[in-house]
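Single-structure report; data block below.
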Amino acid sequence: MGFVDDAKETAETAGRKIKDAWEDTTDKIGDKVDEAKADADVKKAEAERDSVKERNDLKEQIRDA
């Protein structure tokens, strides 16, 4: 019975390691997705800021004319 118990314990340990590796991988993927979303939000905010500045500059030029 010792051999069977050892095999069972080894299989359980391998299963836990596989599960842990899977969870780590999904966490890493989720982190990358969050990072990409944050970068997109920053780019969108910067583009909006530039657009507002351009409009304000044009309005100022019209007022001065």
Side-chain angles (χ1 to χ4, degrees):
M1 281 296 207
F3 177 75
V4 173
D5 291 337
D6 288 345
K8 182 178 177 183
E9 185 177 325
T10 301
E12 288 173 355
T13 301
R16 281 193 301 271
K17 287 183 178 183
I18 290 169
K19 180 183 174 192
D20 290 345
W22 176 257
E23 289 173 354
D24 288 345
T25 300
T26 57
D27 286 345
K28 288 177 184 178
I29 291 170
D31 291 345
K32 288 294 183 181
V33 169
D34 291 344
E35 184 179 335
K37 286 180 182 178
D39 287 343
D41 289 344
V42 167
K43 288 180 182 180
K44 180 180 176 184
E46 289 173 343
E48 186 175 338
R49 177 201 62 204
D50 293 345
S51 174
V52 168
K53 184 179 180 333
E54 183 70 26
R55 281 192 311 239
N56 290 342
D57 289 347
L58 290 173
K59 287 179 183 178
E60 190 64 35
Q61 287 177 3
I62 291 171
R63 286 186 200 122
D64 291 341

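Side-chain atoms are counted along with the backbone in the values below, which use heavy atoms only and exclude waters and symmetry mates.
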Self-check item: Within residues 53-65 or reaching into it, pairs that qualify as side chain to side chain donor-acceptor pair (under 3.5 Å) - sequence neighbours excluded
Solution: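 Listed once each, the pairs are Lys53-Asp57, Glu60-Arg63.
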
Quiz prompt | Polar side-chain atom of Thr13 near backbone of Glu9 as donor-acceptor pair, under 3.5 Å | solution =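 Checked: pair present.
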
Let me confirm one number: the [atom1]-[atom2] distance from [X] to [Y], rounded to the nearest 0.5 Å.
X: Asp5; Y: Thr10; atom1: CG; atom2: OG1; answer: 10.5 Å
X: Asp31; Y: Thr26; atom1: CG; atom2: OG1; answer: 9.5 Å
X: Asp34; Y: Asp27; atom1: CG; atom2: CG; answer: 10.5 Å

Quiz item: Taking atom CD of Glu48 as the centre, does the number of heavy atoms from other residues, nucleotides or ligands within less than 6.0 Å exceed 12?
Solution: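 Open.
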
